[in-house]
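Below: the structure, in structure tokens.
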Amino acid sequence: QVQLVESGGGLVQAGGSLRLSCAASGRSFSSYAMGWFRQAPGKEREFVTATSSSGAATFYADSVKGRFTISRDNAKNTVYLQMNSAKPEDTAVYYCARAAGSWPERQGSAYAYWGQGTQVTVSS
């Protein structure tokens, strides 16, 4: 059974930084791509970023490119999302997810396991 637990959310001022973590249980963490998605109130869930199983390949949504960085530590079964230059429009519940394969995907349907989410609020 795979469990994903996000942490690190909270309140940050615009222009500030926050680092989210997602700890995964279960074996074979290093075999799967990991992604971060977010959902703002009244909006659909959207792709934020994803990384391949090794961490060598990463994709970002245009809205966060240059501000957010995804990384992973396969020895710790953990994936991170470093959020810099935060904007009020980044306010959302952030979810980490484990893909069904090793290549990062933008579609949520490609992810088999999801965390419970962590709230990020960026004040203006």
Side-chain angles (χ1 to χ4, degrees):
Q1 187 75 0
V2 175
Q3 288 189 324
L4 304 174
V5 180
E6 300 98 336
S7 61
L11 177 65
V12 63
Q13 288 189 333
S17 298
L18 207 60
R19 189 174 86 152
L20 307 184
S21 299
C22 172
S25 66
R27 295 183 173 183
S28 303
F29 174 81
S30 60
S31 298
Y32 299 95
M34 297 293 295
W36 287 95
F37 292 76
R38 67 187 182 186
Q39 186 167 21
K43 294 188 177 182
E44 293 187 353
R45 183 183 63 195
E46 65 173 355
F47 169 79
V48 177
T49 180
T51 182
S52 62
S53 57
S54 67
T58 56
F59 295 141
Y60 294 91
D62 288 343
S63 59
V64 306
K65 200 172 295 182
R67 301 188 297 119
F68 290 10
T69 302
I70 188 172
S71 62
R72 64 189 297 162
D73 186 337
N74 285 343
K76 295 183 178 180
N77 281 17
T78 301
V79 62
Y80 305 96
L81 179 63
Q82 178 67 43
M83 304 170 59
N84 296 331
S85 302
K87 301 177 179 180
E89 51 263 43
D90 294 325
T91 296
V93 177
Y94 283 72
Y95 299 91
C96 73
R98 197 192 85 171
S102 62
W103 189 252
E105 302 284 354
R106 297 177 183 270
Q107 298 83 6
S109 59
Y111 293 79
Y113 297 95
W114 294 80
Q116 82 289 350
T118 186
Q119 176 71 47
V120 171
T121 302
V122 183
S123 63
S124 57

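Since we're looking at a predicted model, the values are computed, not measured. All residue numbers in this chain count up from 1 along the given sequence.
Every side-chain contact (heavy atoms from CB on, under 4.5 Å) that Gln107 has, sequence neighbours left out, goes to Glu105, Ser109. Looking at residues two or more places apart in sequence or on another chain, you find a side-chain contact (heavy atoms from CB on, under 4.5 Å) between Ser30 and Asn74. With sequence neighbours excluded, no residue forms a salt bridge (charged side-chain N to carboxylate O under 4.0 Å, His left out) with Arg98. Scored by the side-chain contact (heavy atoms from CB on, under 4.5 Å) test, Ser28 finds Ser31, Tyr32 as partners (sequence neighbours excluded). In terms of the salt bridge (charged side-chain N to carboxylate O under 4.0 Å, His left out) criterion, residue partners of Lys65 (sequence neighbours excluded) are, by chain and number, Asp62. Legend: residues meeting salt bridge (charged side-chain N to carboxylate O under 4.0 Å, His left out) with Glu89, ordered by chain and number and at least two apart, are absent.
Environment of CD in Gln13: sparse, with no more than 12 heavy atoms of neighbouring residues, nucleotides or ligands closer than 6.0 Å. Heavy atoms of other residues, nucleotides or ligands lying less than 6.0 angstrom from CD of Gln3 number 12 at most.
Grouped by direct or indirect side-chain proximity (heavy atoms under 4.5 Å, Ile/Leu/Val/Met/Phe/Trp/Tyr only), Tyr95 sits with Phe37, Phe47, Phe59, Val93, Trp103, Tyr111, Trp114. When hydrophobic side chains of Ile, Leu, Val, Met, Phe, Trp and Tyr are connected at separations under 4.5 Å, Val5 ends up as a singleton with no cluster partners. If you chain together ILVMFWY residues whose side-chain heavy atoms come under 4.5 Å of each other, Val122 ends up grouped with Val2, Leu4, Val12, Leu18, Leu20, Phe29, Met34, Trp36, Val48, Tyr60, Val64, Phe68, Ile70, Val79, Leu81, Met83, Tyr94, Tyr113, Val120.
Across Pro88 and Ala14, no two heavy atoms sit closer than the pair CD-CB, 4.2 Å. The shortest non-hydrogen separation linking Ser17 to Ser85 is OG-N, 4.4 Å.
Here the OG1 atom belonging to Thr91 is positioned 10.0 Å from the NZ atom belonging to Lys43, to the nearest 0.5 angstrom.
Within the structure, side-chain hydrogen bond (donor to acceptor under 3.5 Å, both in side chains) contacts touching residues 46-59 (residues at least two apart or in different chains) are Arg38-Glu46. Within the structure, salt bridge (Lys or Arg N to Asp or Glu O under 4.0 Å) pairs that include any residue of residues 4-31 do not occur (at least two apart or interchain). For residues 66-79, every residue pair satisfying the salt bridge (Lys or Arg N to Asp or Glu O under 4.0 Å) rule, not counting sequence neighbours, is listed here: Arg67-Asp90.
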